Amino acid sequence: MDFEDSDEGDEDWSKPVNDGDGSFCSNTRNSPKVSDLNFPKKISTDIEHPRTIIHIDMDCFYAQVEMIRNPSLRHVPLGIQQKHIIVTCNYPARAIGVTKLMTIKDAKTKCPSLIMVSGEDLTEYRKMSYKISEYLLKYTKKIERLGFDENFLDVSELVNSRVSKESPSQFSGHLYGIQDNKADLSGLKQCGCGCYQRIMLASNIAQEIRDGLYNDLGITCCAGISYNKLLAKLAGEKHKPNKQTTLLPEFTLQLLHSLPSTRNIPGIGYGMSKRLRVLDIDSVLDLYNYNQEKLITEFGQQTAKFLKDISAGIDHTPVVRYGLPQSISDEDSYRDLNNIKDIEKEIDILVDNVLKRVVEDGRNPQTLRVTIRKSILKDDKLVIDYGNRESRQCPLSQTIFNNKDTSTWKTPIVELAISLLNKMVDVTKPFHLTLINICFTKFLKTCSKDISTFFSSPNSKPTNSENDEFFTQRTSSSTKISPAKGIESFFANNPTLNFHKEKRDIKAVGRQNGMVGFFKNGGKRKESESNKNNDDSKRAKLDTIFLLTHQSHQFLIHQNYKI
DNA sequence: CGGGGGCCTT
DNA sequence: AAGGCCC
Ligand SMILES: Nc1ccn([C@H]2C[C@H](O)[C@@H](COP(=O)(O)OP(=O)(O)OP(=O)(O)O)O2)c(=O)n1
Ligand SMILES: [Mn+2]
């Protein structure tokens, strides 16, 4: 059970783990009022929990957007269709047994009366997604998006400023590990770091947020409230839909170790879980109990520590403020595109669609990428190989975008896209495409002439390295137009490995990234890499640009104003 | 069984 | 250019 006995000589990562005895959070003493509650004996987690995190996850997101657009769909089983699959469905449909990502055939078998609405065009979902994130900015600017329907909020500052004045007295919604949410909690020993009151207040704030989202946007969601991102997200899944769950540190291990699979951890994907399976690690508890040295041998220091931390609920990765998108793409899948005319027609459509969004965004992309998927011939039959994607990219001459008439942009880009495609497809031989994706990336920063002067204040530099806020914004990998000083490369350069192509010797492949998926990019940014967008000192200067219409400009305004 | 997006790292 | 992860 314990893993501290096997980690002699490795002070590094035995430190953050506190296995309970003598810890702040030890909860093993008599709890007179709630002696019937099953408190865990071992409280392995961080000693302190200074942050307060809320995770928001919309209910059956695409389906809900369609139900808002057409309320008559609310009371019928509804599936959102993308080609042959039901990507998601409303809760009436789930009650009948329809699940997310089910094939149409299976869904119709389960539920013949299933109403289907096409969800191949994500425009409306994307719009609602950003409305939600923007609404949440009202509470804190420290918001990280994950997909279209999830947001992490670091409400630490808000909580700290309110907690002393308000001294909250009850939790809103469910409390993980407590059956009756009206239970008398006075016997529950509170963590010595003071997080009990903070998390309690955050649960009230989460309720406010959810009420606000419903009143303003008519949308319902779940929330998880805890002291780090991992736990907030996992907590929120405990009660669905339209509910919220709060997780206190005393119950962290209980939650984690009740998870049946390491796949339940965001960041442990198909490949990693398969590698863990080889070591006989199936559950998070298995991981928690696994010998540390062996884990290091298998995965290297960084990843091993990361896995162990996760299994104990330790996650210090910051909420990274979202910014403008790093890429804008559109794709479609096909049964079989086998002639050039059809391909050119589809590319034309895709480029047209995605360019509209690029124009709305207002930044100019510097790179165009085309991705395709080919079906392969197997036993005389065309079979789609889903692993097989190829892509080609090229730089985009900025002269394309010099013309103010944006309708002129399409033709040269379609031609570039076709030439990229020709690098992958020998059109003199038979071919069969099943997917095309057109993606614009490497955006130029939004502040060309009209706006750049608003951000050139000399004393705009952050002075305090402790100020977490400034260093946890998503680094714009877009090119900076002006000063271009000191662009240091600072990412770790670890050998990589392919998790699920493990046909051959898994051990020989080497170490991978260290930070597992979801938690990557958690580190602080160098000052020179920080966006200048968020400097409060320049807020006043934004008054005059309120009329700008591009999304990238609107975003700057949003980020700098209190709404 | 098989959408349509996104993010980051190597 | 590819691969891993997320929704
Ligand atoms: N592999 C996936 C996963 C998700 N989505 C889309 C459809 C979902 O509506 C949305 C949000 O994903 P969730 O996993 O949060 O699922 P839902 O919001 O639909 O349902 P739930 O109520 O369980 O959160 O993202 C997708 O297209 N493909
Ligand atoms: Mn959701």
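In the text below, chain A, chain B and the rest are named by the order of the sequence lines, each starting its count at 1. All heavy atoms count here, side chains included; hydrogens, waters and symmetry mates do not. Remember, predicted model here, so these are calculated numbers, not experimental data.
At the heavy-atom level, A/E390 lies under 4.0 Å from the strands shown only through sugar-phosphate atoms. At the heavy-atom level, A/L420 lies nowhere under 4.0 Å from the strands shown. Among the heavy atoms of the strands, none lies under 4.0 Å from A/R145. Contacts of A/R373 with the nucleic acid, taken as non-hydrogen atoms under 4.0 Å apart, are absent. Among the heavy atoms of the strands, none lies under 4.0 Å from A/N437.
The interatomic distance linking A/I265 (CD1) with C/dC7 (P) rounds to 11 Å, in whole Å. Atom CD of A/E150 is separated from atom P of C/dC5 by 17 Å (rounded to the nearest Å). Counting to the nearest Å, the C1' atom of B/dG6 and the CG atom of A/D361 are 14 Å from each other. C/dA1 atom P lies 5 Å from atom CZ of A/R392, rounded to whole Å. Distance A/I85 CD1 to B/dG4 C1': 9 Å, rounded to the nearest Å. Atoms NE2 (A/H55) and C1' (C/dC7) sit 9 Å apart, rounded to a whole Å. One atom, CE of A/M272, and another, C1' of C/dG3, lie 14 Å apart when rounded to the nearest Å. Rounding to whole angstrom units, CZ of residue A/F306 and C1' of B/dT9 are separated by 14 Å.
Note on A/R357: a side-chain N or O is less than 4.0 Å away from OP1 or OP2 of B/dG6. Remark: A/S391 is not in phosphate contact with C/dA1, judged by side-chain N or O atoms under 4.0 Å from OP1 or OP2. A sub-4.0 Å separation between OP1 or OP2 of B/dG2 and a side-chain N or O of A/S333 is absent. In terms of phosphate contacts, A/K83 brings no side-chain nitrogen or oxygen within less than 4.0 Å of OP1 or OP2 of B/dG2.
Judged by the 6.0 Å and 45° rule, A/R363 forms no cation-pi pair with A/F401. A cation-pi arrangement is found for A/K229 relative to A/F152, the charged atom lying closer than 6.0 Å to the ring centre and inside a 45° cone about the ring normal.
Of the candidates B/dG3, B/dG6, C/dC7, B/dG3 carries the atom nearest the A/H84 side chain, counting heavy atoms from C-beta on. Residue A/S327 has its side chain nearest to B/dC7 when only B/dG3, B/dC7, C/dC6 are considered. Closest approach to the A/S329 side chain among C/dC5, B/dC7, B/dG5 is made by B/dG5 (side chain taken as heavy atoms from C-beta onward).
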| task | Go through the steps for A/K110 and A/D106 under the test salt bridge (Lys or Arg N to Asp or Glu O under 4.0 Å), then give the verdict. | result | CA-CA 6 Å; A/K110 272 279 179 195; A/D106 291 351; over 6 Å; no
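Open room surrounds CZ on A/R69; 12 or fewer heavy atoms of other groups in view lie less than 6.0 Å from it.
Remark on DNA chain B: of its neighbouring residues A/E331 and A/Y386, the 5'-side contact belongs to A/Y386, judged by nearest-heavy-atom nucleotide.
Every residue two or more places apart in sequence or in another chain was checked for a ring-ring contact (aromatic ring centres under 6.0 Å, His included) with A/Y139, and none qualifies.
Residues from residues 97-127 of chain A lying near DNA chain B, meaning a heavy-atom separation below 4.0 Å, are A/T103, A/E120, A/L122, A/R126 in numerical order.
For the 3.5 Å distance criterion, the side chains of A/E66 and A/Y125 qualify, holding a donor opposite an acceptor.
Within the structure, no pair that satisfies the salt bridge (charged side-chain N to carboxylate O under 4.0 Å, His left out) test touches residues 93-105 of chain A, not counting sequence neighbours.
A distance-only check finds no donor-acceptor pair linking the side chain of A/N353 to the backbone of A/L350 [under 3.5 Å].
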